[in-house]
Number of protein chains: 2
Amino acid sequence: MDAKCPHNSEVNCGDCRMNALCLPLALQAKEVERLDEIVQRGRPLQRDNHIYRAGEEFRSVYAVRSGSIKSYTVSNDGVEQVTGFHLPGEIFGMDGIGQNRYTNSATAMETSSVCEIPFNRLQELSIAIPTLQRHFFQLMSMEITNDQHLITLLSKNSAEERVATLLISISNRNLRRKLSPTRFRLPMSRADIGNYLGLTVETVSRVFGRFQKQDMLLVDKKEIEVLDLEKLRQLAN
Amino acid sequence: MDAKCPHNSEVNCGDCRMNALCLPLALQAKEVERLDEIVQRGRPLQRDNHIYRAGEEFRSVYAVRSGSIKSYTVSNDGVEQVTGFHLPGEIFGMDGIGQNRYTNSATAMETSSVCEIPFNRLQELSIAIPTLQRHFFQLMSMEITNDQHLITLLSKNSAEERVATLLISISNRNLRRKLSPTRFRLPMSRADIGNYLGLTVETVSRVFGRFQKQDMLLVDKKEIEVLDLEKLRQLAN
DNA sequence: CGTCAGTTTGAGCGAGCTCAACGTGAGTGG
DNA sequence: CCACTCACGTTGAGCTCGCTCAAACTGACG
């Protein structure tokens, strides 16, 4: 496999391009090596492949190496709720720690690859490397504040504000990965966007339409070009 | 101060009535003693007193000993969002870990008392007592899944379902504390309920009205009697 | 070239919002 | 002890944003 292939599984944490965003973030070279020893790099996943399903025994948390992953729950009455979109460098699966079972299911939204981090090993390592313990507490806390942002969004904001907020979030996360904040491809369908934001597909489609008419966006299927980032930011607040 | 006073600050973790629900949950007697050494028991708080405010430096997480606490965020445009209600035995303040600043503010909804747990000390202790580390990871994870339940509720459920879900949640948490699951006093105002559930005060009031007309509840101001727990459960799903 | 999933567009409807009025009870001062 | 206030809660009437249902469009893939 080509070293430049984004789904390459031959790299280790020290060489991984997501290095500066991912779990190694706060660690020293020597510590990264120890982390690297417990990380299992998986084969590439095809679209709609599951990484885990709700109810399965929790063993590991995961980091996105390439592609994009969505998390979702299914309630008693069978209604799905998308709870998160995960981009390269981001960690997911922490919902499983509490009950020792995943409460979410996770699937690839496109061809993707993930790193598996066995949680027992991570806990042991966190005792040996307090920085790692702290860092992981921080990651979980940020997941909490993220979820609370979404709660506020769903509780208080209009359809346009919700869509704008998602676009700004993706734009910001792209910036962090040194990608263009104004030109990107949405990895998820309109249905996923609507589900995540508590809107119907039709409403999402209409909002995109309005944003285009106001010369704020250029939308071509999943390709997005943000023409007026400032106006979009204001809407997202 | 009377040993039976619920706001008594003279007890230690080993003797505290919340013992079986709170942080000590998974610990052995000897370990509880060590936890006890770092816990600071505060003076009783009056209604509307703040424990901390959003933006303040994060130092500690807190446990409710008596009374009830609400967490809320304020967005850029000044809109408040209630993010949680905390009852005795529950931990709050974990949102501050990620950025080393609280993202929520926390106030007492009635006369209350809380235990302050300095986070640096808790981290150190977590290294010495792996069970504690695990337990705290679990607590944070359960905060995540709680928030995700709320996300689903806001995204997919009607006003009646939302109110029913809140009532069932409080009922269940009362049961855990060996209190009646069918007769209790809501510590929060209608405005807080509405804010938390993404509804207006008027809608909350009307839903309570409808529930009463259907002989599901008996509502007298903040006093609630659940007459048909099963029907309420079904609505809450 | 037909099929099928995903998306867009249109028309009408309804749950919950807004605005406004009124009720209730705890606290305060005469 | 009553009159007044003020926060909180209830009730009513009308409106609106986003939903529902239905139809048409697009492009990828056989």
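By convention in this document, chain letters (A, B, ...) are assigned in the order of the sequence lines, proteins followed by strands, and residues within each chain are numbered from 1. Every value quoted in this text rests on a predicted model; they were computed, and no experiment measured them.
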For a quick test of reading the model: is some side-chain N or O of [X] closer than 4.0 Å to OP1 or OP2 of [N]?
X       : N       : value
T203(A) : dC19(D) : yes
T200(B) : dC17(C) : yes
R190(B) : dT10(D) : yes

Nucleotide [N], atom [atom2] - distance to [atom1] of [X] in whole Å:
X       : N       : atom1 : atom2 : result
E160(B) : dA15(C) : CD    : P     : 10 Å
E223(A) : dT7(C)  : CD    : P     : 13 Å
R206(B) : dG14(D) : CZ    : C1'   : 11 Å
N157(A) : dC17(D) : CG    : C1'   : 14 Å
K221(A) : dT7(C)  : NZ    : P     : 5 Å
D220(B) : dC8(D)  : CG    : P     : 18 Å
L197(B) : dG16(C) : CG    : C1'   : 13 Å
M188(B) : dA7(D)  : CE    : P     : 22 Å

- Is G194(A) touching bases, backbone alone, or none of the nucleic acid, heavy atoms closer than 4.0 Å? nothing
- Message: Is it the case that atom CZ in R177(B) sees more than 12 heavy atoms from other parts of the structure closer than 6.0 Å?
- Response: yes
- Task: Tell me, yes or no, whether the heavy-atom count around R210(B) atom CZ, taken from other residues, nucleotides or ligands under 6.0 Å, exceeds 12.
- Result: yes
- Query: In terms of side-chain geometry, is the basic nitrogen of R47(A) or E110(A) positioned less than 4.0 Å from the acidic oxygen of its partner?
  - Reply: no
- Task: Walk me through it: do S169(B) and R173(B) pass the test side-chain hydrogen bond (donor to acceptor under 3.5 Å, both in side chains)?
- Result: CA-CA 6 Å; S169(B) 164; R173(B) 287 146 83 188; 3.2 Å; yes
Where the side chain of [X] is concerned, which of [options] is the nearest nucleotide?
X       : options                   : value
E202(B) : dT7(C), dG12(D), dG10(C)  : dG12(D)
A159(B) : dG10(C), dG16(C), dC17(C) : dG16(C)
K222(A) : dT20(D), dT11(D), dT7(C)  : dT7(C)

- Query: So, S71(B) and T83(B): side-chain donor and acceptor under 3.5 Å apart, yes or no?
  - Reply: no
